[in-house]
Engineer: 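Got a structure here, written out as structure tokens. Questions coming.
Throughout, a chain's letter reflects where its sequence line sits, starting with A, and its residues are numbered from 1.
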Amino acid sequence: MSTAVRGIAGGSHAIPVRRHVRVEQVMGMPVSCHVRALPEVPAGTVESAMSSVMAHLRHVDGLFSTWRGDTPVMRWRRGELDERDAHPWLAEVRQLTEEARLVTEGLFDAWFAGDYDPTGLVKGWAVQAASAYLQLLPGVSYALGAGGDITVGTGPDADPSASPWRVGVEDPRRRGAVVRRITLGRGAVATSGAAARGGHVLDPRTGAPVTRSGSATVVGPDLLWADVWATAAFVDPVAAAAAMARHAPGYRLVVL
Amino acid sequence: MRRITLWLLSTISALVLLLSYSTSLPSRAGSVQVLPAAGSSGGAAGPGQASGAAPRTLDGDPVQTPYGPVAVEITVAGGQITQVHMLQVPWGSGQDQQINGYAVPVLIEETTSADSAHIDMVSGATFTSRGYIESLQSALDQL
């Protein structure tokens, strides 16, 4: 589904920008791609870049989905696929999950509860990587949101302060209500909280369920790490804040 | 408070290292010249304040950092830096600044807001395909 319209977007631009929005359901979640393009950027170029974004996410889903038994990650998990024979992204993600476990000091752990499950890291990794297609477009500013995690930025030679994005943080206790607004020109916002179906989030260090309500939001340069830290901060905000101070310059725990 | 990028606040320690600030005052440490501000307010008593060490506020000349020129005002109490205020921040148009290889976020503002009418995107913890149609994001996705 794709829609584009000519118009003047709000913000500090004196120049009219064309707004593109594409929404698709990928990886079990809604993915919303917003682009503000200067008039000289061909509409087809923007549409093509957004198609590439969605194609990348589908490709990742085909490799890493844990909802189907035949994906490479599931076969690797069962010992049926050697990592050296698999798509190289499996090794890359595995290394990233190891790094995430280290820097979060165990608050994020893809190996917890027996089976390897990198899902919590794959999402931020994939969306951040997909945004590269938008970063190639001169004259655009973009916001790419997937399942509540968002990365924004611009193409080359653009001033990120000129077309900032206003990201509302949802009240974890009241759907559709916004309790914080973060305005940024480049960077990522990730929010982690209780599972959508009401299941418990477990603390990987102890196996105990996280009984806090609410959510944790992290703002930082890269959505992969913002997502990892938001997950860690929801498990234990105090420990995560300390680990962030040690290991994650440039990442800020904004809301809890 | 001026509009400053919040990432700088969160990396105060890194910035202080860049400035090669010395807590033995006043001094010319590296490229930083710190001068006692006339009538310095002293700021709030910090947690590290030692007896007999009154807080001092110091204005530094703009310093060239890898990110561009930065001017800071530092409050020191008891040998500890208790406050750092950015007086001048290096946001050049299109300029990339790097931390750990990633362009740092251009964080412009963070507000407590109950107003969902002036946002572009929503960040939340429980966004699923099934809940999308009734979600706030779906309203924002309309043109």
Side-chain angles (χ1 to χ4, degrees), chain A residues 3-5 7 19 21 23 25 28-30 32 34 143 145 147-150 152-153 156-162 164-170 172 175-196 215 217 219-222 234 249-252 254, chain B residues 3 5-15 17-18 67 89-143:
Chain A
T3 326
V5 91
R19 184 165 174 241
V21 176
V23 181
Q25 306 294 332
M29 62 191 171
S32 303
H34 292 215
D149 292 346
I150 295 157
V152 312
D157 303 324
D159 181 355
S161 306
W165 296 91
R166 301 160 303 178
V167 178
V169 180
E170 189 183 56
R175 284 185 166 258
V178 169
V179 290
R180 206 67 160 240
R181 187 178 70 195
I182 297 161
T183 303
L184 71 172
R186 175 174 63 223
V189 180
T191 300
S192 182
S215 62
T217 297
V219 181
D222 184 287
F234 181 68
Y251 289 82
R252 178 171 174 80
V254 175
Chain B
R3 295 174 77 192
T5 51
L6 296 182
W7 77 263
L8 285 174
L9 286 177
S10 70
T11 56
I12 285 171
S13 59
L15 186 63
L17 289 174
L18 289 173
Y67 312 131
V89 291
W91 287 128
S93 172
Q95 177 183 5
D96 275 352
Q97 290 107 0
Q98 302 290 321
I99 283 187
N100 293 347
Y102 296 103
V104 300
V106 182
L107 180 57
I108 292 161
E109 186 183 50
E110 178 206 327
T111 65
T112 305
S113 168
D115 181 4
S116 60
H118 297 102
I119 60 171
D120 304 306
M121 306 288 284
V122 182
S123 181
T126 58
F127 291 12
T128 64
S129 293
R130 201 169 53 148
Y132 171 74
I133 292 299
E134 298 186 358
S135 70
L136 177 55
Q137 183 65 48
S138 69
L140 298 171
D141 291 339
Q142 304 304 311
L143 287 169

Engineer: When rounded to the nearest 0.5 angstrom, what distance separates CZ in A/Arg166 from CG in B/Asp120?
Structural biologist: 4.0 Å
Engineer: Pick one of side chain, backbone, both or neither for A/Pro172, based on which atoms fall under 4.5 Å of a heavy atom in chain B.
Structural biologist: neither
Engineer: Do you know which two heavy atoms are closest between A/Met29 and B/Phe127, and how far apart they sit?
Structural biologist: CB-O, 4.1 Å
Engineer: Measure from the side-chain N and O atoms of B/Ser123 to the backbone N and O of A/Asp149, and report whether any donor-acceptor pair falls under 3.5 Å.
Structural biologist: no
Engineer: Could you tell me which of A/Ser192, A/Gly185, A/Gly145 has the largest number of non-hydrogen atom pairs under 4.5 Å with chain B?
Structural biologist: A/Gly185
Engineer: Just how far is it from atom CE of B/Met121 to atom CG of A/Leu184, taken to the nearest 0.5 Å?
Structural biologist: 11.0 Å
Engineer: Is it the side chain or the backbone of A/Ser32 that comes within 4.5 Å of chain B heavy atoms, both, or neither?
Structural biologist: both
Engineer: Might you point out which heavy atoms bring A/Arg19 and B/Leu140 nearest each other, and give the distance in Å?
Structural biologist: NH2-O, 3.1 Å
Engineer: Are A/His34 and B/Asp141 packed together at the side-chain level, in the sense that at least one heavy-atom pair is separated by less than 4.5 angstrom?
Structural biologist: yes
Engineer: Using salt bridge (Lys or Arg N to Asp or Glu O under 4.0 Å), reason through A/Arg181 and B/Glu109 one step at a time and then give a plain yes or no.
Structural biologist: CA-CA 8 Å; A/Arg181 187 178 70 195; B/Glu109 186 183 50; 3.7 Å; yes
Engineer: Under 4.5 Å heavy-atom distance to chain B, tell me which part of A/Ala190 shows up: side chain, backbone, both or neither.
Structural biologist: backbone
Engineer: Using a cut-off of under 4.5 Å on heavy-atom pairs, state which of A/Gly153, A/Ala188, A/Gly28 scores highest against chain B.
Structural biologist: A/Gly28
